[in-house]
Amino acid sequence: MNLGDGRSAIDLLVERVQELPDLSQVVVLVSAEDQLRYPEGWQRVVVRDGCESSLLQTLLKAHGDYPDSDVILYCQIDAPFLDPALCGAMVEQHRRYAAEYSFADGYPAGLTPELLAPGVLPRLLQLTEDRENSTSLPRDVLFQIIQRDINSFDIETTLSEHDMRMLRIELYCNTRRNWVLCKRLVERGVDRAEPIVEAIRADQGLLRTLVAYVMIDVVEGTLQDVAYSPYRLFGPSGKGKQREMATADVRGIVEQLAQFSPQSVVSFGLWGEPALHSDPVGLVAAARPCPLVIETSGVGWDEAALQGAVEAGGADLSWIVHLDAIDHDIYRRVRGEGFEQAMRVCEQLLQTVPSQTYIQTVRYADIEQHTEDFYRHWKQRTENIIVQKYDHFCGVLEDKRITDISPVNRFPCWHLKRDLTVLVDGSVPLCREDIHGEHIVGNVLHSGVHAVWEALEPYYRKHVNADYPPICRNCDEYYTFNF
């Protein structure tokens, strides 16, 4: 996609690579389906998807063709802001200290490469033995391999003067969200490491691009009256289904979202129980253009509907079961009836889609003494355990937090930056904390995804300027992160 002046991310990267000093050869590692055109002289090599050993063998062969090269620079092809000066400084440090692996820390991702000493490749290859291939190689694949025996390697780190890790910035063009950010930086005339860092520090409003996570309340009503949920204050908690969003409306929202912000994640189960919807399988199918998360109590599902939803969602569907307790009496105190059915649903999901199933508890004062038992019990079955912090909903509920883990210095809200909350009638409040709907910015069924997303922009701008609306001043969720 064009980043300005008709140039793509690859065009900008080519310019940066040509500025690198002491460059012997450029090898482009691609999948078999890759159809992009690269500059003359760049060697195109196909790497088997998800195969770490294939990657390392390719690097070994490339070094064999150029044995005098003493440093391998590994970077991403869609990183338009690779900084040649910073690369040069990293190479100099790598050589000075005879490092085997070097990386930069604290910078936005995409500004720097990873550096390898060629002689370390055979040892890395040994660390990939007996490893199953994944569907694709992660961007940090080299570091993941090194971590398996990290103390055996000489590693050097280049630190940024300003630590920006907390902002989770990715200056790649791999998603439309990241492309929008890259384009904004190009339009501001900043395309090197230090100017980019300074531009972002001066205006974090740049970082709110497109929606990343959409919570849709597909059903109004639940079968349980949960002790720590504010739903009992504003919704029909524990009274069964009252209303539902039509499957066609859900499909329309997701289709808009897939056009507006591809790769966004959709969630069902904001307040109501998705199992109560008249067409749960159809709901899952309607969300197929996007990855889907179903948050459920596990109560209300019949076995056929649950299995149908699992099959309809495939690998793009993840489950979060709000369980909270492994003891029947504690469960009843927190969630009411339904313990046996919730446990059966957990078991069924762990048997059919174990890697996509997450078991959750909320850590708060009333059941804190049982949290460790909960964790230890499920740790024997799965790594996917979520211990959620307690949310007092801006002071609406009694504060039962175990401890205050909020940052020392406040920063703009992650949820205003990335999330969209859609109620059962399509209305969009400020966020999930706006439980009484005092800040409705529009209706997604009437005005569309783009319009309601833009309507939330002024609230985020207030946060950037440290001007917090009353509802935000008492909020303890601004620093939590969804996808």
Side-chain angles (χ1 to χ4, degrees), residues 1-17 28-31 33-39 75-84 86 107-113 136-140 164-193 195-214 254-266 289-291 316 412 414 416-420 448-454 456-457 460-461 464 481-483:
M1 289 185 284
N2 182 9
L3 287 173
D5 299 329
R7 296 180 298 171
S8 69
I10 294 179
D11 294 332
L12 292 175
L13 179 63
V14 168
E15 295 176 10
R16 305 301 188 273
V17 170
V28 186
L29 310 178
V30 301
S31 65
E33 296 79 21
D34 180 76
Q35 299 296 323
L36 295 175
R37 298 181 63 182
Y38 302 101
C75 67
Q76 308 297 318
I77 195 69
D78 58 357
F81 302 131
L82 186 74
D83 191 308
L86 192 50
Y107 289 97
L111 294 178
T112 62
S136 61
L137 289 171
R139 289 180 180 269
D140 63 344
M164 308 197 82
R165 288 174 297 178
M166 185 192 68
L167 297 177
R168 306 187 188 201
I169 301 168
E170 293 186 337
L171 296 179
Y172 304 122
C173 290
N174 57 328
T175 68
R176 188 169 294 169
R177 287 192 304 277
N178 288 339
W179 171 80
V180 168
L181 176 56
C182 290
K183 186 172 176 60
R184 286 177 179 177
L185 292 171
V186 169
E187 290 170 347
R188 290 207 175 190
V190 291
D191 59 2
R192 305 292 166 126
I196 286 173
V197 168
E198 291 306 317
I200 293 170
R201 292 184 68 231
D203 181 13
Q204 285 200 32
L206 283 167
L207 302 180
R208 187 179 189 270
T209 54
L210 304 177
V211 61
Y213 186 60
V214 181
V254 175
E255 287 176 350
Q256 286 187 54
L257 183 65
Q259 291 293 319
F260 175 58
S261 182
Q263 292 90 39
S264 295
V265 177
V266 173
C290 295
D316 290 329
W414 275 111
L416 286 176
K417 184 192 294 187
R418 296 174 59 86
D419 298 355
L420 195 65
V449 171
H450 186 198
V452 295
W453 180 247
E454 290 298 313
L456 289 166
E457 175 75 18
Y460 184 73
R461 278 288 171 183
V464 170
F481 185 90
N482 293 321
F483 296 90

**Study point:** Residues Thr209, Trp179; criterion side-chain contact (heavy atoms from CB on, under 4.5 Å); working and verdict
**Key:** CA-CA 9 Å; Thr209 54; Trp179 171 80; over 6 Å; no

Check your understanding: Please walk me through it: do Leu137 and Leu29 pass side-chain contact (heavy atoms from CB on, under 4.5 Å)?
Key -> CA-CA 11 Å; Leu137 289 171; Leu29 310 178; over 6 Å; no

Exercise for review: Please step through side-chain contact (heavy atoms from CB on, under 4.5 Å) for the pair Asn482 and Arg418, ending with a clear verdict.
Suggested key: CA-CA 8 Å; Asn482 293 321; Arg418 296 174 59 86; over 6 Å; no

Review point. Would Asp191 and Arg16 count as a side-chain contact (heavy atoms from CB on, under 4.5 Å) if you check the C-alpha gap in whole Å, the side-chain angles of each, and the deciding distance to 0.1 Å?
Key: CA-CA 10 Å; Asp191 59 2; Arg16 305 301 188 273; 3.1 Å; yes

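Contact detail for Pro291 and Ser264: the closest heavy-atom pair is CD-O, 3.2 Å. Counting all heavy atoms, side chain and backbone alike, Arg176 lies closest to Gln263 at N-OE1, 4.0 Å. Looking at every heavy atom in both residues, Asn178 comes nearest to Tyr172 through CB-O, 2.9 Å. Nearest heavy-atom pair across Ala199 and Leu206 is O-CD1, 3.8 Å. Contact record, Arg208 with Leu456: NH2-CB, 3.4 Å, taken as the closest heavy-atom pair. Residues Ala193 and Asp83 come closest through the heavy atom pair N-OD2, 2.7 Å.
In this structure, Glu15 and Arg7 have side chains that are in contact, with non-hydrogen atoms separated by less than 4.5 Å. At least one side-chain heavy atom of Glu454 sits under 4.5 Å from a side-chain heavy atom of His450. Put simply, the side chain of Glu170 does not reach to within 4.5 Å of the side chain of Thr175, judged on heavy atoms. At a threshold of 4.5 Å between non-hydrogen side-chain atoms, the residues Arg188 and Pro195 do not count as touching. Residues Leu171 and Leu185 form a side-chain contact, since some pair of their non-hydrogen atoms from C-beta on lies under 4.5 Å apart. Contact check for Leu82 versus Pro113: side-chain heavy atoms found under the 4.5 Å cut-off.
Leu3 contributes atom CG, which lies 7.0 Å from atom OG of Ser8 (distance to the nearest 0.5 angstrom). To the nearest 0.5 Å, the span separating CD on Glu255 from SG on Cys290 amounts to 10.0 Å. Within the model, atoms CG of Leu207 and CD1 of Ile169 stand 5.0 Å from one another, a figure rounded to the nearest 0.5 Å. Between Cys75 atom SG and Leu13 atom CG the span is 5.5 Å, to the nearest 0.5 Å. For the atom pair CG (Leu210) and CZ (Phe260), the distance works out to 4.5 Å, reported to the nearest 0.5 Å.
Counting heavy atoms of neighbouring residues, nucleotides and ligands inside a 6.0 Å radius, atom CD of Gln259 does not exceed 12 of them.
Partners of Phe481 under the ring pair (Phe, Tyr, Trp, His ring centres under 6.0 Å) rule, at least two apart in sequence or in another chain, are Trp414.
In summary, Arg184 and Glu187 do not engage in a salt bridge, as defined by a charged side-chain N under 4.0 Å from a carboxylate O.
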